[in-house]
Amino acid sequence: MILVIAEQQDGVLNRASWEVIAAAQQAGGPVTVAVPGAATDAVAAELAAADVASVVQVTGDALALYTLDGFVAALSALIAAEGPAAVFLPHTYRTRDFAPGLAVRCNCALVTDCVGTHERDGQRLFVRPVFQGRLLADVAVDGPALVTFQIGAVRADSVVRGAQPAPVRAVPAAVDASAIRQKPEAPFREAKQAVDLTQAERIVAVGRGIKDVERIALARQLADAIGAEIGASRPICDSGWLPMDRQIGSSGQTVAPKLYVALGISGAIQHLVGMKGSRTIVAVNKDPEAPIFEIADYGIVGDLFDIVPALVKELQG
Ligand SMILES: Cc1cc2nc3c(=O)[nH]c(=O)nc-3n(C[C@H](O)[C@H](O)[C@H](O)COP(=O)(O)OP(=O)(O)OC[C@H]3O[C@@H](n4cnc5c(N)ncnc54)[C@H](O)[C@@H]3O)c2cc1C
């Protein structure tokens with residue numbers, strides 16, 4: 001059995017939970033989904049729509065606010081009781097905090113940032129990028145493993161839904177509140193996003209190849225011509241050339257539009273994980289070796305300052 005640890009905050013499920021459920025389903029065998037928290041009825045009902053063996057609410061007041069000690073205590077007890085072959089988690093900030101301690105407490109291996117799994121000679125292998133994404137390593141583990149999946153590595157919409165809701169059961173969290181050493185402060189709230197790129201059907205994204213802030217107007221012309229939103233790689237947002245809510249990638253938004261046009265973006269792994277779920281990817285880059293071409297459906301090798309005006313002219317013509 002694979003145990004998936006879903007993530008929720010104030011009754012709102014982190015979308016990456018669906019990605020990890022999909023990864024567990026694709027790995028084969030029964031899947032149980034656990035959701036820790038104090039009030040998780042609605043989230044558990046939502047999760048029960050997936051084609052899984054069961055959903056377990058790990059509940060208790062000590063889990064109302066996230067703490068490292070609380071999660072390690074509650075989840076290690078759950079893992080000991082359920083005895084899964086592997087535990088799958090989304091590679092979120094929260095997981096990054098508690099997964100190492102949980103792995104130590106459970107005496108299991110921790111394989112982080114996986115992008116997939118496959119089987120060889122009857123052994124399950126976990127695939128994770130190494131050397132800044134230049135190579136993929138197959139990691140084999142003896143015994144049960146905690147495995148975290150990179151956000152966007154598996155499509156959330158590939159989750160198989162059940163014919164009927166999965167059974168939901170609640171188990172009290174085995175947490176001694178007085179043993180929790182951390183004192184959580186009010187949760188960090190992100191600034192409200194002005195634009196929700198996750199819902200955009202078309203995106204024109206600019207990278208460092210655009211050279212300076214004034215020239216973003218050129219990308220806007222192309223975006224206007226095809227009714228697209230503007231997105232960007234991280235250096236563009238770090239420079240303040242576009243607001244942070246336009247950033248796409250591992251530390252920005254994960255998008256999956258019908259059309260993604262990448263202008264002067266090299267295709268670093270941190271960018272790719274945020275957009276590789278796009279249905280059609282068009283890349284314009286003057287470097288024929290740029291990694292973006294490895295995932296592009298249409299690649300244009302050339303200077304974007306020649307190509308974009310030509311495209312705009314053609315589209316407006
Ligand atoms: C922890 C961490 C998190 C990160 N999170 C993100 C993230 O969320 N999103 C993100 O995007 N990055 C992220 N990064 C940064 C990432 O590693 C890359 O540095 C970044 O994506 C590179 O941006 P770029 O492709 O715009 O720039 P570059 O890598 O500099 O690429 C510019 C490209 O433009 C091309 N070019 C130059 N001139 C022209 C021209 N005239 N016409 C056509 N092409 C041209 C070049 O050939 C080059 O391929 C993160 C990094 C770390 C360490």
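We count ligands from 1, going down the list as the structure has it; atoms in each ligand are counted the same way. Residues take their numbers from the sequence shown, with the count starting at 1.
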Inset, instruction - Work out whether the distance between some heavy atom of Ser250 and some atom of ligand 1 is less than 4.0 Å. - result: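 Heavy atoms of Ser250 do come under 4.0 Å of ligand 1.
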Legend entry - ligand 1 contact by Ala232, heavy-atom criterion under 4.0 angstrom: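 Under 4.0 Å: no for Ala232.
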With backbone taken as N, CA, C and O and side chain as the heavy atoms from C-beta onward, which portion of [X] lies under 4.0 Å from ligand 1: side chain, backbone, both, or neither?
| X | answer |
| --- | --- |
| Ala268 | side chain |
| Ile292 | neither |
| Ser266 | both |

Is [X] close to ligand 1, meaning an N/O of one under 3.5 Å from an N/O of the other?
| X | value |
| --- | --- |
| Leu304 | yes |
| Ile248 | yes |
| Gly264 | yes |

With a cut-off of 4.0 Å, which atoms of ligand 1 are near a heavy atom of [X]?
| X | result |
| --- | --- |
| Gly252 | 8 (O) |
| Ser251 | 3 (C), 4 (C), 5 (N), 6 (C), 7 (C), 8 (O) |
| Gly302 | 42 (N), 43 (C) |
| Gly249 | 7 (C), 8 (O), 9 (N) |
| Phe305 | 41 (N) |

Which option, [options], owns the non-hydrogen atom nearest [atom]?
| atom | options | answer |
| --- | --- | --- |
| atom 23 (O) of ligand 1 | Pro235, Gly209, Gly207 | Pro235 |
| atom 17 (O) of ligand 1 | Arg215, His271, Arg208, Gln270 | Gln270 |
| atom 46 (C) of ligand 1 | Asp287, Ile265, Asn285, Asp306 | Asn285 |
| atom 7 (C) of ligand 1 | Lys211, Gln247, Met275 | Gln247 |
| atom 15 (C) of ligand 1 | Gln253, Arg234, Lys286 | Arg234 |

Legend entry - Side-chain touch Val273/Thr254, heavy atoms, less than 4.5 angstrom: no
Inset, instruction - Would you check if Ile248 and Tyr260 make a side-chain contact, meaning some heavy-atom pair closer than 4.5 Å? - result: yes
Legend entry - Salt-bridge contact Arg169-Glu82 (side-chain N to carboxylate O under 4.0 Å):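 Yes, this pair counts.
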Inset, instruction - Quick one: list whatever passes side chain to side chain donor-acceptor pair (under 3.5 Å) with Asp97, sequence neighbours left out. - result: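 Applying side chain to side chain donor-acceptor pair (under 3.5 Å) to Asp97 gives Tyr66.
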Legend entry - By side chain to side chain donor-acceptor pair (under 3.5 Å) - contacts of Ser17 (at least two apart):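 In terms of side chain to side chain donor-acceptor pair (under 3.5 Å), with neighbours along the sequence ignored, Ser17 is linked to no residue.
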Where [X] and [Y] come nearest, the two heavy atoms and their spacing:
| X | Y | value |
| --- | --- | --- |
| Ile79 | Pro84 | O-CD, 3.4 Å |
| Leu68 | Phe98 | CD1-CA, 3.4 Å |
| Gly231 | Leu242 | O-CD1, 4.1 Å |

Inset, instruction - Assign the ring pair Phe126 / Phe88 to parallel, tilted or perpendicular, where the plane angle (0 to 90°) is split at 30° and 60°. - result: perpendicular
Legend entry - Gln253-Asp245 side chain donor-acceptor pair, cut-off 3.5 Å: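 Judged by distance alone, the side chains do not pair up.
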Legend entry - ILVMFWY cluster, Ile230 and Ile226 together (side-chain gap under 4.5 Å):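 Per the 4.5 Å side-chain linkage, Ile230 and Ile226 are co-clustered.
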